[in-house]
Amino acid sequence: MIPPNLFGIGQMGLLFVILFFIILVIFAFFGRRRPPAALREIPAFQKLWRAVGLAVEAGTRLHLTLGRGNLSGLQSGSALIGLSILDRIARTASISDRPPIATSGEGTLGILSQDTLYNSFRAVGQGGQYDASLGRISGLTPFAYAAGTLPAIYDEHVSTTILSGHFGSEVALITDASERVGATTLAGSDEVSAQAVLYAAAQEPLIGEELYAAGAYLKAGLFHNASLRAQDVLRWVLILAILLGAILKFLQIL
Amino acid sequence: MKIKVPFSAAIAILFGLLVLAGYFIEIPWLSDLHNMFLQWAVILAAVALLVGIANLASVHWTKASSEQNGSFYSAVLIISLLITLIVVGYLGPTAEWSLWIFNNIQVPVESSLLAILVVVLTYAAMRLIRRRLNLFSIIFIGTGLITLLGIAPLFGVVIPGLHGAFGFRTLIAQIPAVAGARGILLGVALGTVATGLRILMGADRPYRG
């Protein structure tokens, strides 16, 4: 049976996802044969690598907080990026006296942070270092989450706090605590109001799609580089579509 | 390209594809399947919430039973959690004593945090001037001040050209702010789709397997 609205919004969305998938696979396929393309400098990621090295040397802790986004909703993207960052830093910093900790404000994110830490520790042969309390849920309402994250920053010798996920304005309480203990703060979110707060409150804010480039900058794999390039291509497609739509609307064709 | 896909990843990919297809294609059986999987996800999220509470209690129990900094506060959390569980579990969430806990403890504590947030945000704006004094920071703070003055007139004084439906504040809020937010949201949307596709392809696996 042919659905009545074959070329409705839903089908356009599906076509867009399929186009994205094809471009991603093409870039991944050709990316295997070529060295990865040079990426523009984002200070936050340069600082992150330096912070990971310093934390291992100085025996301090890296703290990553994943926000309180629901995994079954649109807010999950930034938290999943946070989990990719957690995987990369845990692999490098798992040999430290104080391994990285992850806090979150949602049940599934808490479980996934534990899983990610466990996998990362095991992957580098440090399975014995893993402790379930390294991935913890700090609170389940926005302010409870923010307030519950503060003791992790104040009491656990944190030298760098990375914020990646869905936050509200309460995120300022977390960045403020991080500043008070002299820790470096790198932060990005999918929420526009949180991005405004983080622009002022974080030392290294990641604006818009910069957060989603984290995997490529942290060398998380071929598909992260490919998806970054696919995003660049599709951004231009969208810009052209918006401009074309505006012109057609102006000419009263649409 | 050779991708090794373990069983757990295969399950995640299969369910992800079915939910995605159900979202975009309006075929009755696919929509039913989509809705059923989403309901399962909601139930699993609720179970994860319980696991989360257990995790929270376990972390604070360890802390309360040690000599660490803040062990007193962890003990307070454990006691509060137990009292709330007993009262709400026994009497129900809308009972008088359950609502008393909510209205007289939860709401005031969160309100006080909101008040602290105002101070923290003001301090963050000051810190921004000290840390990154450039054109964008000046525009950011200037826009913030104009918007604040536009929303809440200082001493009730209405400034001509700033307040009102055609004032400068409305102009900022409706044109450059919306345009900027849409640009940011387009980037976020593209990033979210890319992240979702990587999960669907099994290239990103934030779960054991």
Side-chain angles (χ1 to χ4, degrees), chain A residues 3 5 10-11 13-14 17 20-21 24 28-29 32 70-72 74 77 80-81 83-84 106-108 110-112 115-116 118-119 133 136-138 140-141 143 146-147 151 155 169-170 172-173 175-176 190 192 195 197 199-201 203 207-209 211-212 221 223 227 230-231 234-235 238, chain B residues 1 20-21 23-27 38 41-42 44-53 55-56 58-59 62 68-70 73 106 109-110 113-114 116-117 120-121 123-125 127-128 131 140-141 181 183-188 190-199 201 203-204 206-208:
Chain A
N5 57 343
Q11 283 67 37
L14 184 61
V17 172
F20 205 132
F21 174 76
L24 201 158
F29 183 77
R32 292 187 76 212
N70 191 338
L71 259 198
S72 58
L74 285 171
L80 289 168
I81 290 293
L83 289 169
S84 291
E106 210 261 341
T108 41
I111 294 171
L112 284 179
D115 248 13
T116 302
Y118 176 78
N119 279 336
S133 69
R136 60 185 80 156
I137 288 150
S138 49
L140 296 164
T141 65
F143 280 105
D155 301 337
S169 54
E170 77 282 350
L173 295 170
T175 52
D176 183 64
D190 58 348
V192 176
Q195 286 188 33
V197 170
Y199 183 78
Q203 282 170 19
I207 304 297
E209 72 272 21
L211 175 68
Y212 296 88
F223 280 93
S227 67
Q231 281 175 67
L234 283 164
R235 188 178 302 110
L238 282 178
Chain B
M1 264 177 294
L20 187 72
Y23 187 78
F24 285 125
I25 304 167
E26 285 182 25
I27 299 173
L38 281 185
V42 170
L44 283 175
V47 175
L49 189 72
L50 289 177
V51 175
I53 293 169
N55 172 274
L56 186 73
S58 147
V59 168
T62 313
Q68 290 178 43
N69 280 347
Y73 299 111
Q106 176 97 10
V109 168
E110 296 216 355
L113 281 170
L114 195 65
I116 292 170
L117 187 63
V120 168
L121 285 174
Y123 186 57
R127 211 160 32 203
L128 177 67
R131 189 164 47 207
F140 180 84
I141 291 167
I184 287 174
L185 286 175
L186 275 178
V188 169
L190 282 172
T192 306
V193 174
T195 310
L197 281 176
R198 284 199 308 268
I199 301 267
M201 293 164 77
D204 259 6
Y207 43 82
R208 206 167 294 184

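If you're wondering where the values come from, they're calculated on a predicted model, not measured in any experiment. Letters A, B, ... are given to chains in the order of the sequence lines, protein chains preceding strands, and every chain is numbered from 1.
A pairwise comparison of heavy atoms in B/N55 and A/R136 identifies OD1-CA, 3.3 Å as the closest pair. Closest approach of A/A147 and B/L113 over heavy atoms only: CB-CD1, 4.1 Å. Counting all heavy atoms, side chain and backbone alike, A/Q231 lies closest to B/A194 at NE2-CB, 3.6 Å. Residue A/V192 comes nearest to B/A181 through the heavy atom pair CG1-CB, 4.2 Å, listed as atom of the first residue, atom of the second, then distance. When every heavy atom of B/D204 is checked against every heavy atom of A/S84, the shortest pair comes out as OD2-OG, 3.6 Å. In terms of heavy-atom proximity, A/I111 sits nearest to B/A48 at CD1-CB, 3.8 Å.
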Evaluate the criterion side-chain contact (heavy atoms from CB on, under 4.5 Å) for residue pair B/L197 and A/F223; output intermediate values, then yes/no.
CA-CA 10 Å; B/L197 281 176; A/F223 280 93; over 6 Å; no
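Using a 4.5 Å cut-off between heavy atoms, B/L190 contacts chain A through both its backbone and its side chain. Using a 4.5 Å cut-off between heavy atoms, A/D190 touches chain B through backbone and side chain atoms alike. If you measure heavy-atom distances from B/L186 to chain A, the contacts under 4.5 Å come from the side chain alone. The part of B/L185 that comes within reach of chain A is its side chain, from C-beta onward, which places non-hydrogen atoms under 4.5 angstrom from that chain. With a 4.5 Å cut-off on non-hydrogen atoms, B/I141 does not touch chain A at all. In this structure, the portion of B/L121 lying under 4.5 Å from any heavy atom of chain A is its side chain and not its backbone. With a 4.5 Å cut-off on non-hydrogen atoms, A/A172 touches chain B through its backbone and its side chain both. Only the side chain of B/Y123 comes within less than 4.5 Å of a heavy atom of chain A; its backbone N, CA, C and O stay farther away. Only the side chain of A/I207 comes within less than 4.5 Å of a heavy atom of chain B; its backbone N, CA, C and O stay farther away.
Note: A/Q203 leads A/E209, A/E170, A/Q203 in heavy-atom pairs under 4.5 Å with chain B. Ranked by heavy-atom pairs shorter than 4.5 Å toward chain B, the options A/A230, A/A200, A/S133 are led by A/A200. Residue with the most contacts toward chain A among B/L117, B/T192, B/L49, B/V47: B/L117 (heavy-atom pairs, distance under 4.5 Å). Of all the listed residues (A/L112, A/L238, A/T175), the one sharing the greatest number of non-hydrogen pairs under 4.5 Å with chain B is A/L112. Of the residues considered (A/G221, A/S169, A/P151), A/S169 shows the highest number of contacts with chain B, using heavy-atom pairs under 4.5 Å. Ranked by heavy-atom pairs under 4.5 Å with chain A, the first of B/I116, B/L114, B/I199 is B/L114. Ranking B/G187, B/A41, B/S58, B/G191 against chain A, the residue ahead of the rest is B/G191, based on heavy-atom pairs under 4.5 Å.
Remark: B/T195 OG1 to A/I81 CD1 distance equals 3.5 Å, nearest 0.5 Å. Summarising the geometry, atom CD1 belonging to B/I53 is positioned 8.5 Å from atom CD1 belonging to A/I137; distances are rounded to the nearest 0.5 Å.
Within the 4.5 Å cutoff, the side chain of B/R198 has no heavy atoms near those of the A/L80 side chain. A heavy-atom distance below 4.5 Å is found between the side chains of B/V120 and A/L173. At least one side-chain heavy atom of A/Q195 sits less than 4.5 Å from a side-chain heavy atom of B/I184. Inter-residue side-chain proximity for B/V109 and A/F143 is flagged as unmet; no heavy-atom pair is nearer than 4.5 Å.
When the shell of 6.0 Å around CZ of A/F21 is examined, it contains 12 or fewer heavy atoms from other residues, nucleotides or ligands.
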